[in-house]
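Note sheet for the following structure.
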Amino acid sequence: RNALPFKNPFCHPSVMFRKKTFIKHSGYLGGRYSEDYYLWLRLARDQNVGFANIQKPLLQYRLSDIQTRGLRWAYAEVAGFLWAEFLFNFQFKFLIGAIFSSLKIFRSRK
């Protein structure tokens, strides 16, 4: 929960959650590149939702040049979500995350 304003701490293919929690928080609400990240941000608002990472690898993840990682549009989408989160709850950590994500837009090459 504390890391969410600064990075996505979850590898989406290995995430497990309860269906009723997913439905209660409206599931995926669009977004072309980071709809999972937006869901994690919304789930984090609910203090009854728990987050945890385990240290055991569950997935072998291959990086390639055609992934959205590093795409200017993906950084813009994440920055938009973080600006909205800041405006929604006025927590300073979301402002810092939004600023850093906005700067990544100009730093990215793709």
Side-chain angles (χ1 to χ4, degrees):
R1 185 172 268 129
N2 290 330
L4 279 170
F6 310 106
K7 66 179 184 174
N8 186 349
F10 306 111
C11 184
H12 187 254
S14 64
V15 171
M16 295 187 303
F17 48 80
R18 296 188 186 282
K19 181 179 176 182
K20 69 179 184 178
T21 302
F22 181 79
I23 292 170
K24 176 183 174 186
H25 293 281
S26 303
Y28 297 114
L29 293 177
R32 182 176 176 137
Y33 301 107
S34 50
E35 63 275 0
D36 57 333
Y37 183 66
Y38 187 40
L39 175 61
W40 312 152
L41 288 171
R42 292 192 331 272
L43 289 172
R45 293 179 199 160
D46 186 346
Q47 294 301 315
N48 295 319
V49 173
F51 290 95
N53 269 323
I54 61 173
Q55 298 305 311
K56 183 177 180 181
L58 300 176
L59 172 74
Q60 184 175 354
Y61 197 76
R62 180 178 46 88
L63 297 176
S64 72
D65 292 338
I66 61 170
Q67 287 179 287
T68 60
R69 183 182 186 99
L71 276 181
R72 187 170 287 147
W73 289 109
Y75 285 131
E77 189 172 87
V78 168
F81 292 149
L82 289 169
W83 282 112
E85 251 344 93
F86 171 68
L87 294 173
F88 183 77
N89 61 26
F90 294 105
Q91 290 183 1
F92 185 69
K93 62 185 179 181
F94 288 108
L95 174 63
I96 298 300
I99 290 169
F100 281 123
S101 289
S102 296
L103 292 173
K104 287 180 183 179
I105 297 167
F106 301 107
R107 237 185 64 205
S108 65
R109 289 180 243 142
K110 298 181 192 180

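None of the values given here were measured: they were computed from a predicted structure.
- Glu77 contributes atom CD, which lies 15.5 Å from atom CZ of Arg72 (distance to the nearest 0.5 angstrom).
- Through side-chain heavy atoms spaced under 4.5 Å, either directly or across other Ile, Leu, Val, Met, Phe, Trp or Tyr residues, Leu58 is tied to Ile54.
- Here the side chains of Phe51 and Leu43 are in contact, with some heavy-atom distance below 4.5 Å.
- With sequence neighbours excluded, the residues satisfying side chain to side chain contact (heavy atoms under 4.5 Å, CB included) with Pro13 are Cys11, Leu59, Tyr61.
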- Item | side-chain contact (heavy atoms from CB on, under 4.5 Å) between Val78 and Lys104, worked out | CA-CA 10 Å; Val78 168; Lys104 287 180 183 179; over 6 Å; no

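- No donor-acceptor distance shorter than 3.5 angstrom exists from the side chain of Arg1 to the backbone of Gln47, with no hydrogens or angles considered.
- For Asp46, the salt bridge (Lys or Arg N to Asp or Glu O under 4.0 Å) partners are Lys24, not counting sequence neighbours.
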Taking distance alone, no hydrogens or angles, what donor-acceptor pairs closer than 3.5 Å link side-chain atoms of residues 2-9 to residues at least two apart or in another chain?
| unit_1 | atom_1 | unit_2 | atom_2 | d |
| --- | --- | --- | --- | --- |
| Asn8 | OD1 | Phe10 | N | 3.2 |
| Asn8 | OD1 | Trp40 | NE1 | 3.3 |

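- Using bins of under 30°, 30° to 60° and over 60° for the plane-to-plane angle, the ring pair Phe22/Tyr28 lands in the perpendicular bin.
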Using residues 82-100 as the side-chain source, report each donor-acceptor pair under 3.5 Å to any protein atom, sequence neighbours left out, with the distance given to one decimal.
| unit_1 | atom_1 | unit_2 | atom_2 | d |
| --- | --- | --- | --- | --- |
| Trp83 | NE1 | Ser102 | OG | 3.0 |
| Glu85 | OE1 | Arg45 | NE | 3.2 |
| Glu85 | OE1 | Arg45 | NH2 | 2.5 |
| Glu85 | OE2 | Arg45 | NE | 3.1 |
| Asn89 | OD1 | Gln91 | N | 3.3 |

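- Between Glu35 and Leu39, every side-chain heavy-atom pair lies at or beyond the 4.5 Å cut-off.
- Residues passing the side chain to side chain contact (heavy atoms under 4.5 Å, CB included) test with Leu29, sequence neighbours excluded: Ser26, Tyr38, Arg42.
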